[in-house]
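The structure appears below as structure tokens.
Worth knowing before you read on, the calculation uses all heavy atoms, side chains too, and leaves out hydrogens, waters and symmetry mates. Residue indices begin at 1 and follow the sequence shown.
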Amino acid sequence: MGKNKKLLYIIIIALAAIIPFMMEHNIIFKQSKYIYLLLCLIGIYTIVTSGLDIVFGYTGQISFGHAGFFCIGAYGTVLLTHPDWGLGKYMGMTIPPIISIVIVSLLAALVGALLAIPASKLVFHFLALLTIAFNQLVLLMVSNFAGLTNGYIGITRVPSINILGFSFNTIKSKYTYYFLVLFFVVLFLIIKENIVHSRVGRSFIAIRENVTAANGCGVNTSKYKIISFAISAFYVGFAGALYAHMVGFISPDTFVQNTSVIFITMLLFGGSGNLFGPILGAIIITVIQEGLQSLSDYRMLIYGIFILVIILFQPHGISGIGESISRIARKRGGNANA
């Protein structure tokens, strides 16, 4: 990683870290709990889109079912930590949230690996249909097992995350949850960068570019497709667990098929196959989504239009604009020096 790139990362992280202090002193922002929640959402969706980018942007596997992994993470951690549901209801015991988040993320990764076994043999619309079916299956399970999940009524009073006696609570402790989310965003982005620049990442890219050629070069395509799905599912399951502990309430309505469409919209809009595209997509689409609350009946139509416009006019997403400008600048600089 170049020095300039490292410096850019440090600047971005520093700016993200001082946002709450700027809000606290009314610099640029006016202090608002809503803004804190919006920033946390952006962070959580950044983890989601970064995970989706591994399977789509780097391995070339389309998925319209990642809301299923998001659901596994959210419901899984609630059922392990809530005193009135899951373990608390049937066994009279609970697991600390920070431990349950890791457990359910590993569970999501296992489910992702199992899903990838048949998925690794499918391409294009067949793969998309399989992932849609997976999303619907998970949604049906949490909707119909009311004795376990309380059905569409949902589960309230989700426990807060506590680490060494310190509570991360969006209601009582202002922006502490934001710093927790920011920590995990940075951690997952660092892990992603190391993965994509490793031998595993190069295998992902080889599969994306040409499956036949990758096979010919000795890459076990089925194995690496399974690995990419597992890593992606871990990211999204972890984000789902963070989401549940942040909002304090979950119901099946959050994990419908439209949620998967929003995830893929974020990725396509921001740009796939790079570090900053998923971040840009999460920021822009989350803000747009909140701004379109009054147009709930038309939001999916608007997201569909976003996808079509990006695919037709800017297939590399918003992040691709910067890359195009940089490429033109380098070309002109090279011609000037010639």
Is there side-chain contact between [X] and [Y], with at least one heavy-atom pair below 4.5 Å?
| X | Y | value |
| --- | --- | --- |
| Phe188 | Phe234 | yes |
| Lys192 | Asp53 | yes |
| Leu106 | Ile103 | no |
| Thr131 | Gln61 | no |
| Met266 | Pro278 | no |
| Val48 | Val236 | yes |
| Glu193 | Val196 | yes |
| Ser50 | Leu189 | yes |

Is there a chain of hydrophobic side chains (I, L, V, M, F, W, Y, each step under 4.5 Å between heavy atoms) that links [X] to [Y]?
| X | Y | answer |
| --- | --- | --- |
| Val138 | Ile117 | no |
| Leu114 | Phe126 | no |
| Leu122 | Leu129 | no |
| Ile250 | Ile153 | no |
| Val102 | Leu110 | no |

I'd like to know if the side chain of [X] reaches the main chain of [Y], judged simply by a donor and an acceptor atom lying under 3.5 Å from each other, with no hydrogens or angles considered.
| X | Y | value |
| --- | --- | --- |
| Thr46 | Ile42 | yes |
| His245 | Val158 | no |
| Tyr58 | Asn274 | yes |
| Thr286 | Ile283 | no |
| His82 | Thr94 | no |
| Thr149 | Val142 | yes |
| Tyr178 | Gly43 | no |
| Ser198 | Ile195 | yes |

Write down the atom of [X], the atom of [Y], and the distance for their closest heavy-atom approach.
| X | Y | result |
| --- | --- | --- |
| Asn210 | Ala213 | OD1-N, 2.9 Å |
| Ser105 | Gly237 | OG-C, 3.9 Å |
| Pro97 | Thr77 | O-OG1, 4.2 Å |
| Gly112 | Ala233 | CA-CB, 4.0 Å |
| Thr221 | Ala214 | CG2-CB, 4.2 Å |
| Pro96 | Thr81 | C-CG2, 4.2 Å |

Under the salt bridge (charged side-chain N to carboxylate O under 4.0 Å, His left out) rule, collect the residues that match up with Asp253, sequence neighbours excluded.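 Applying salt bridge (charged side-chain N to carboxylate O under 4.0 Å, His left out) to Asp253 gives none.
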In Å and rounded to the nearest 0.5 Å, what is the [atom1] to [atom2] distance from [X] to [Y]?
| X | Y | atom1 | atom2 | answer |
| --- | --- | --- | --- | --- |
| Thr49 | Leu268 | OG1 | CG | 11.0 Å |
| Phe64 | Phe263 | CZ | CZ | 13.5 Å |
| Ile132 | Asn135 | CD1 | CG | 8.5 Å |
| Lys225 | Ile207 | NZ | CD1 | 6.5 Å |
| Leu127 | Lys121 | CG | NZ | 12.5 Å |
| Phe269 | Ile285 | CZ | CD1 | 5.0 Å |

Might you confirm whether atom OH of Tyr152 has over 12 heavy atoms from other residues, nucleotides or ligands at distances under 6.0 Å?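 Atom OH in Tyr152 is crowded, with more than 12 foreign heavy atoms closer than 6.0 Å.
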Phe249 atom CZ: more than 12 heavy-atom contacts under 6.0 Å: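 Count over threshold, so yes.
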Of all residues at least two apart in sequence or in a different chain, which pass the ring-ring contact (aromatic ring centres under 6.0 Å, His included) check with Phe56?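 Result, ring-ring contact (aromatic ring centres under 6.0 Å, His included) vs Phe56: none returned.
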Can you list everything that forms a ring-ring contact (aromatic ring centres under 6.0 Å, His included) with Phe134? Sequence neighbours excluded, please.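 Here the qualifying residues are Phe69.
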Show your reasoning for whether side-chain contact (heavy atoms from CB on, under 4.5 Å) applies to Cys71 and Leu139. CA-CA 8 Å; Cys71 182; Leu139 182 62; over 6 Å; no
In sequence, state the C-alpha distance, the side-chain angles, and the governing distance for Ile191 and Tyr235, and then conclude on side-chain contact (heavy atoms from CB on, under 4.5 Å). CA-CA 10 Å; Ile191 293 172; Tyr235 271 58; 3.6 Å; yes
Show your working on side-chain contact (heavy atoms from CB on, under 4.5 Å) between Leu130 and Leu115 and close with a plain yes or no. CA-CA 9 Å; Leu130 176 64; Leu115 177 66; 4.1 Å; yes
Ile227 and Phe204: CA distance, side-chain angles, deciding distance, side-chain contact (heavy atoms from CB on, under 4.5 Å) verdict: CA-CA 9 Å; Ile227 291 174; Phe204 290 165; 3.9 Å; yes
Do the ring planes of Phe255 and Tyr243 sit parallel (below 30°), tilted (30 to 60°) or perpendicular (above 60°)?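 Because their plane-to-plane angle is over 60°, the rings of Phe255 and Tyr243 count as perpendicular.
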